[in-house]
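Below is one structure, written out as structure tokens, with a few remarks after it.
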Amino acid sequence: MDDLLTRLRAGLPPEALLTDPDVTASYAHDMASFCEAGSPAVVVLPSTTEQVQHVMRTATALRVPVVPQGARTGLSGAANASEGCVVLSLTRMDRILEIDPVDRIAVVEPGVVNAALSRAVGEHGLYYPPDPSSWEMCTIGGNIGTASGGLCCVKYGVTAEYVLGLDVVLADGRLLSTGRRTAKGVAGYDLTRLFVGSEGTLGIVVRAVLALRPKPPRQLVLAAEFPSASAACDAVCAVMERGHTPSLLELMDRTTVRAVNRLGRMGLPESTEALLLAAFDTPDPAADLAAVAELCTAAGATQVVPAEDAAESEMLLKARRMALTALEAVASATMIDDVCVPRSRLAAMLDGTAAIAAKYDLTIGVCAHAGDGNTHPVVCFDHTDPGESRRARESFDEIMALGLELGGTITGEHGVGVLKKEWLARELGPVGLELQRGIKHTFDPLGILNPGKVF
């Protein structure tokens with residue numbers, strides 16, 4: 001420990017090092033439940049690439065594990081500390097280095113908050129689409145590490161589709177630049193995509209070149225009530241089959257709607273079994289919403305209410321963004337699943353989740369990015385009750401098994417981290433797992449980068 005601190009201090013300013021155990025303990029874990037976390041030896045808050053390189057060279061020399069962190073809003077334990085590790089918190093590297101309206105790119109450091117970037121590029125008439133529900137807190141570096149999604153993925157895609165290039169500090173302290181600033185480029189293997197979603201196990205992102213889009217018109221939102229989740233899913237399938245391109249297509253089940261009302265007094269209809277939100281940011285959103293309203297009615301919607309203006313639309317979006325926080329208030333602990341299935345199997349996923357909740361006598365609320373089949377079943381339980389905690393873990397695993405049976409994946413946007421690593425092998429198979437471990441060894445032969453995560 002003394003040797004580690006001495007070497008770190010040789011290349012870092014005093015304010016970049018945190019060693020008080022009461023302080024470093026607050027950096028031990030992200031927002032996931034049931035994920036083990038160790039006590040960091042030290043927390044480093046670098047402000048430059050050179051400082052990150054110094055940390056990695058020191059860690060390599062002493063064989064000390066390094067756990068990179070952003071805002072710790074993750075939901076898989078990917079940012080949890082390893083015992084005796086260096087936690088590398090990148091939140092002070094928060095500069096927007098460049099916004100280029102001609103090339104439609106932004107160059108940013110990893111600690112830039114998603115919402116701050118969105119507002120900054122908006123001043124130039126541009127738009128950065130990826131928008132996780134935690135966008136007011138989460139950082140671009142964290143979004144890249146977990147390949148985050150968000151509410152608008154149904155139309156605009158996920159984080160990976162907007163990362164053009166990266167500067168990455170490797171395990172031994174070398175600096176690697178990947179990708180490009182150009183609109184096209186196919187030179188060599190796509191190492192940029194390899195780092196997106198790698199959860200800090202291959203290198204430390206210190207700079208990102210991000211693609212931007214022209215800022216779309218303000219979207220209008222429609223809310224449709226359904227007598228069952230399967231009916232709402234029928235509407236989702238109809239919307240997509242007819243070729244519509246909503247900017248948002250979200251679903252909340254009855255449990256989630258009631259939780260949102262309790263937390264935020266939002267006035268959502270509690271008689272509904274499923275509430276579907278659809279939005280368009282087209283030149284004539286009212287016409288698009290009218291077409292979707294007809295499809296919802298045909299699928300069995302009991303009531304369809306288009307928002308009258310942008311303010312009402314924003315209220316509905318606020319309610320959806322509040323969903324996970326509201327479900328967390330239902331019980332003393334939650335486990336948040338992230339299973340993504342083909343849209344055509346969405347109804348089976350929701351019905352199966354309801355059956356699992358009944359089987360284990362648990363409250364499981366579901367909110368979903370319905371347009372891309374990405375569900376978030378939230379298992380609510382009393383963590384002080386050993387029996388209930390055991391049932392929660394078993395139900396969580398059964399939900400993931402159901403997703404795989406339906407042709408889906410264990411994680412659509414939250415990542416593997418600690419929470420799902422035993423399930424990764426089931427999804428990838430032995431050949432896929434062997435190759436991925438080989439890639440990890442190539443980039444991190446000593447195994448010091450975020451050990452115990454993903455595999």
Side-chain angles (χ1 to χ4, degrees), residues 133 149-156 219-258 260-261 266-282 284-308 312-313 315-321 323 339-355 364-377 402-403 406-408 412:
S133 293
L151 304 187
C152 69
C153 294
V154 62
K155 180 175 182 178
Y156 292 105
Q219 61 184 355
L220 282 181
V221 181
L222 167 152
E225 300 178 45
F226 288 88
S228 68
S230 60
C233 293
D234 287 343
V236 169
C237 292
V239 169
M240 303 309 293
E241 184 179 15
R242 296 294 180 88
H244 295 288
T245 55
S247 54
L248 174 147
L249 195 54
E250 298 286 309
L251 184 149
M252 294 187 286
D253 71 355
R254 183 179 186 180
T255 299
T256 305
V257 167
R258 291 186 170 189
V260 168
N261 279 342
M266 302 302 292
L268 299 176
E270 295 199 358
S271 59
T272 184
E273 290 297 322
L275 184 68
L276 186 67
L277 302 179
F280 286 88
D281 56 7
T282 52
D284 187 8
D288 291 309
L289 288 180
V292 168
E294 290 184 8
L295 295 175
C296 289
T297 300
T302 55
Q303 188 170 5
V304 181
V305 182
E308 294 184 358
E312 194 169 303
S313 293
M315 185 276 292
L316 290 170
L317 295 182
K318 181 180 178 182
R320 170 58 186 89
R321 289 187 185 279
V339 174
C340 189
V341 297
R343 294 185 197 100
S344 58
R345 309 308 303 276
L346 186 59
M349 184 69 210
L350 295 185
D351 288 344
T353 299
I364 302 179
V366 181
C367 54
H369 308 306
D372 48 30
N374 194 178
T375 68
H376 294 313
L402 173 64
L406 295 173

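No hydrogens, no waters, no symmetry mates; every other heavy atom, side chains included, goes into these values.
- A donor-acceptor pair under 3.5 Å links the side-chain atoms of S247 to the main chain of A279, judged by distance alone.
- Between the CD atom of Q303 and the OG1 atom of T297 there is a distance of 10.5 Å, given to the nearest 0.5 Å.
- Counting all heavy atoms, side chain and backbone alike, A307 lies closest to E312 at CA-OE2, 3.4 Å.
- To the nearest 0.5 Å, atom CG of residue L406 and atom OG of residue S344 are 9.0 Å apart.
- Contact annotation: the side chain of P246 never approaches that of V292 to less than 4.5 Å [non-hydrogen atoms, C-beta and beyond].
- In this structure, the side chain of S230 does not engage the main chain of A347 through any donor-acceptor pair within 3.5 Å.
- Between P306 and L220, the closest side-chain pair of non-hydrogen atoms is not below 4.5 Å.
- Looking at every heavy atom in both residues, T302 comes nearest to P227 through CG2-CD, 4.0 Å.
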Open item on the list: side chain to side chain contact (heavy atoms under 4.5 Å, CB included) for M252 and T272? Distances and angles first, verdict last.
Closed with: CA-CA 10 Å; M252 294 187 286; T272 184; over 6 Å; no

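- In this structure, P377 and T353 approach most closely via the heavy-atom pair CB-CG2, 3.9 Å.
- Atoms CG and CD1, on L350 and I364 in that order, are 12.0 Å from each other to the nearest 0.5 Å.
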Task: Residues L249, H244; criterion side chain to side chain contact (heavy atoms under 4.5 Å, CB included); working and verdict - done: CA-CA 11 Å; L249 195 54; H244 295 288; over 6 Å; no

Open item on the list: The test is side chain to side chain contact (heavy atoms under 4.5 Å, CB included); show your working for E225 and S271 and say whether it passes.
Closed with: CA-CA 9 Å; E225 300 178 45; S271 59; 3.9 Å; yes

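- Side chain of R343 to backbone of A370: no donor-acceptor contact under 3.5 angstrom is found.
- The shortest non-hydrogen separation linking L289 to L222 is O-CD1, 3.4 Å.
- The shortest side-chain heavy-atom distance between M349 and L402 falls under the 4.5 Å cut-off.
- Put simply, CG on L251 and CG on L275 are 7.5 Å apart, with the number rounded to the nearest 0.5 Å.
- Counting only heavy atoms from C-beta outward, the side chains of R320 and S133 approach each other to under 4.5 Å.
- When atom types are taken as modelled, the side chain of T256 and the backbone of G365 share no donor-acceptor pair closer than 3.5 angstrom.
- The shortest non-hydrogen separation linking V221 to L277 is CG1-CB, 4.3 Å.
- For D253 (side chain) and V366 (main-chain N/O), a donor-acceptor pair under 3.5 Å exists by modelled atom type.
- Taking CG of D281 as the start and SG of C152 as the end, the distance is 9.0 Å to the nearest 0.5 Å.
- The local environment of CD in E241 is sparse, with at most 12 non-hydrogen atoms from other residues, nucleotides or ligands closer than 6.0 Å.
- What you find for A274 and A232 is that their closest heavy atoms are CB-CB, 3.9 Å.
- In this structure, the separation between CD on E270 and CZ on R254 is 8.5 Å, given to the nearest 0.5 Å.
- Inter-residue side-chain proximity for L276 and C296 is flagged as met; some heavy-atom pair is nearer than 4.5 Å.
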